[in-house]
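In what follows, a structure is listed as structure tokens, so that the remarks can point back to it.
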Amino acid sequence: MSRFPLHILILAIGTAHAVGPIPGVKNHWVANTGGTQFDHIQNFIEEMTVKPDGTVLTQSFYDEGLHPDAAYKDGLASGYNWEKDSTNPHPSRRAKFGTVTWNIRNFWGRAFLGKVYPPVKDSLPFIESSDGRSIRTLVDPTAIAFDRDGRLLVAENGPDQNIKIFDVSGTPKIVGSFGDSGGVFAGPVRGATGAKRFWGIRGVGVDSIGRLYVGCTGMPMQVGGGTHIRCFSGMTKSDTLVWEVLGLAFVNTVDADPDSGGTSLQKNHTRFHMDWTKPPGQSWSFAAATSDPFKYPDDPRFVHSFESVWFRRIQGKRFLFLDDMYGNYLAVTRFEDQSEIGVPSLFLPILRDLRDSVSDGWALDKRPVWGAPKEGDYRRWVWRDDNADGQVQANEFHTYELVFPYTRAIDIDDSGDIWWSGGSYMVQFPTGGLDEHDVPRYPIDKIRRWKVPFKVRAAENNNYVMHLRYLRTEDVMFVATGVHEGLIANIYRYDQWSKTALPFLGWGQTANSEDTLAHTWKITVPYKFPADWSLSLDPRVLDTCLFPTTLTADADYVYLGYVDKGPDAHRNGEVSLFDARTGTRVGYIAPGPETNYLSGWFDLWHAINSYTMPDGQKLLMTEEDFGGKVNVYKWCPTGICQTKSVPTPAAPSLRQIGRTLSLESPATSPWTVSVRSLTGHLLWKSSGTGPIQWNPTPVRGPVIGTVSSPQGTSSTSLFIP
């Protein structure tokens, strides 16, 4: 076996002394039931079948963790799907009872793989039997199976998002359903999860003892949804959830809602709740799905794979900023009031060469078409939801000019201003506040352009800013440069940025040979790059390299992530921490025993986010695509932090005083209350906020009162005299 000589590597190590692990770090995570390479849940499912013993078999075309065809039993990943049949590539679309076989024809699968809109009239999906019968009353059937009594169960991926039950002993007729009508998109809180609130149904089945299994893949499947398999004790309204497994991340980051105290973490299409009183693996729960293809089909999240996110509050309102893997596009989503659903608000191709790209398929019939950029053509467009309807109109595209085509660095500061950089320039796109509909203004005429603040050196990647991070409260700017495109070598800190940085004075002006702004400190980070980049994918070379690629910062630390192995732990997913005030490297964080010390590469350009909890504890959130999750490291830098819980609003409760039913509810908590007879007949239903009283004059005898709210669902047995 040949060996590569040492001279193939360029070695340049800044602050190269070894550092130890940051003490007291706990390796929590979100988005996956399993935390290791052995028990993680696959990225998404395309097919699902259920065996008589309750084993769930799944199939998909890809899983980063190397098991696209998996088996699950009793709430655990139980191995590989060895029963995959190449002669029947879509087992979920076929079901047989007795001598009759039923098949789904014209399979659609809305919002699974970019098909955001419903099927056209001439190709509507339907279900057909081998003896000539059909079911054509469904919107988007995606899976079928029979129960023990010969009833046909259909996964309805249309607006109802539930399981339809058909008697097919003769002419097919619907005899029932299972699951909340509307799924996660129903009220009282749209987007909120629940045991029977489904989202992108992809599989259904029943075992030998009558337990029902429902598989969801979310919307849009791999890039925004994932795997969610649930087992129920049966299929009546009173049957309950027995177990579930979730794998709701692929290549993703999360960010904390600053008003949540660190208990709410937002991904591109989902939100997770954290209970920090519980240990890693048990501390997270799936709280919400945030994209709705039925109401907002123009949402660019259904077309682009937005993997990196920033969550910000602007004038108290919630906003999610999203970037794709390579820093090419940026989208802004606001949220419906008293809802988890996001509304598309802003979208712009940051990379100039993508302004006319037809490959993304987003709003092709409405956006400007100028042709490929030519010399001197610096036009770009930005779409803003001017009328606040969440839909795209041609008159909502606005044009501006920006000379450089190259972009790497993107950041969203605490006020919602967008920062990005390419070439020798930096750009600030101020939010401009909110309009009367709470849509960020982002006025084109307020865009500011800055020169890069450091010296012009070919050795610093032709003067490109590789990463930037602006801390508005401190008025501090961190800027990272590199000696190779995509890889970081140097980091600068600039204080009093807004007061001393020189704005851009005009295109074509030659940059100064000296710094335009004195930096507080500059550091050269530990890195090792190969001299011959054609060898960089050879494992023998790769294992000797250090590739710092991703960065964020807060008032206390600068966090530098390595795409592969880091300089200290020598493990994937390693992040070096530098003292933000001095630039001194103080330690590292890497996957711990809680996740069997394993992580995938940092594939994203913006792969990490940080958050400081009210008591001073830190959260570091990092992409971990191999195990289908996002690592969330938690620690106390000072050693004297005291965990504080964020109060949870009290759940609404139903009381009886004589013949009057009284709903007691916090003023801001939405609820839905229903009263039914013991046979299930609906006697009364209402939704709202705050307390309410009802005198059921025509009702006597035993009833069941049910209250649903963001804090949960509870049922109470009552007797009306």
Side-chain angles (χ1 to χ4, degrees), residues 18-32 34-41 43 63-66 247-256 265 267 272 280-281 283-284 307-309 325 467 480 486-488 525-528 536 539 542-554 557-578 585-611 618-635:
V19 296
I22 297 295
V25 174
K26 289 291 185 182
N27 188 175
H28 294 259
W29 69 89
V30 300
N32 207 291
T36 73
Q37 67 269 43
F38 307 111
D39 62 356
H40 79 270
I41 310 305
N43 296 150
D63 176 68
E64 189 87 1
L66 307 179
L248 300 179
F250 175 44
V251 185
N252 296 109
T253 61
V254 297
D255 198 14
L265 305 183
K267 195 171 72 70
F272 305 103
S283 55
W284 74 276
E307 293 94 350
S308 299
V309 302
M325 180 181 288
H467 277 275
L487 299 174
I488 297 169
V525 304
Y527 69 84
K528 297 179 185 178
S536 61
L542 188 63
D543 284 346
T544 66
C545 293
L546 292 175
F547 294 144
T549 59
T550 188
L551 176 145
T552 192
D554 57 30
Y557 297 108
V558 175
Y559 306 88
L560 178 70
Y562 287 79
V563 65
D564 189 27
K565 297 175 177 62
D568 298 297
H570 306 292
R571 298 200 296 272
N572 287 358
E574 183 173 332
V575 178
S576 285
L577 275 65
F578 299 81
R585 193 158 65 105
V586 295
Y588 70 86
I589 290 175
E594 302 91 340
T595 57
N596 200 35
Y597 305 99
L598 187 80
S599 173
W601 283 13
F602 286 147
D603 283 341
L604 301 180
W605 190 245
H606 302 99
I608 54 181
N609 282 313
S610 67
Y611 175 74
K618 293 284 188 180
L619 300 181
L620 179 65
M621 298 153 278
T622 72
E623 167 207 348
E624 203 291 90
D625 54 301
F626 184 88
K629 62 181 182 293
V630 181
N631 279 320
V632 183
Y633 301 101
K634 178 173 176 282
W635 78 101

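Side chains included, hydrogens not; waters and symmetry mates left out as well; all remaining heavy atoms used. All of these numbers come straight from a predicted model, not from anything done at the bench.
Across all non-hydrogen atoms, the minimal contact from T253 to A607 is CG2-O, 3.3 Å. The two atoms that bring W29 and N631 nearest to each other are CB-OD1, 4.0 Å, heavy atoms only. Heavy-atom minimum distance, S283 versus H28: OG-ND1, 2.9 Å. In terms of heavy-atom proximity, F250 sits nearest to N252 at N-OD1, 2.8 Å. Of all heavy-atom pairs between A569 and E574, the closest is N-OE1, 3.0 Å. Nearest approach of A256 to Y611, heavy atoms of both residues: CB-CG, 3.7 Å.
Between F626 and H40, the angle of the ring planes lies from 30° to 60°, which puts this pair in the tilted group.
Annotation: side chain of Y562 is in contact with side chain of P567 (closest heavy-atom distance under 4.5 Å). For the pair D625/E623, a side-chain contact is recorded, criterion being any heavy-atom separation below 4.5 Å from C-beta on. At a threshold of 4.5 Å between non-hydrogen side-chain atoms, the residues L551 and V558 count as touching. With contacts defined as side-chain heavy-atom distances shorter than 4.5 Å, the pair L487/Y527 does not qualify.
Put simply, the side chain of K26 never gets that close to the backbone of P280: no donor and acceptor are under 3.5 Å apart. Checking side-chain atoms of E307 against main-chain N and O of M325 turns up a donor-acceptor pair under 3.5 Å. Listed for the N32 side chain is no donor-acceptor partner under 3.5 Å among the backbone atoms of G247. Panel note: side chain R585, backbone S576; no donor-acceptor pair is recorded below 3.5 Å.
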Could you walk me through whether K618 and L620 satisfy the side chain to side chain contact (heavy atoms under 4.5 Å, CB included) test, starting with their C-alpha distance in whole Å, then the side-chain angles of each, then the deciding distance to 0.1 Å, before giving a yes or no?
CA-CA 7 Å; K618 293 284 188 180; L620 179 65; over 6 Å; no
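Between the CG atom of D63 and the CG atom of N43 there is a distance of 4.0 Å, given to the nearest 0.5 Å. Taking CZ of F602 as the start and CD of E624 as the end, the distance is 9.0 Å to the nearest 0.5 Å. D564 contributes atom CG, which lies 6.5 Å from atom CG of D543 (distance to the nearest 0.5 angstrom).
Partner of N609 under the side-chain contact (heavy atoms from CB on, under 4.5 Å) criterion, out of T622, D255, V254: D255 alone. A side-chain contact (heavy atoms from CB on, under 4.5 Å) with Y557 is found for exactly one of V586, I589, V575, namely V586. Each of T550, V251, T549 was scored for a side-chain contact (heavy atoms from CB on, under 4.5 Å) with D603, with one residue passing: V251.
Residues that satisfy the salt bridge (Lys or Arg N to Asp or Glu O under 4.0 Å) test with K267, not counting sequence neighbours, are absent from this structure.
Within the structure, every pair that satisfies the side-chain hydrogen bond (donor to acceptor under 3.5 Å, both in side chains) test and touches residues 586-595, not counting sequence neighbours, is listed here: N27-T595.
Checking Q37 against N596 by side-chain atom types alone, a donor-acceptor pair falls below 3.5 Å.
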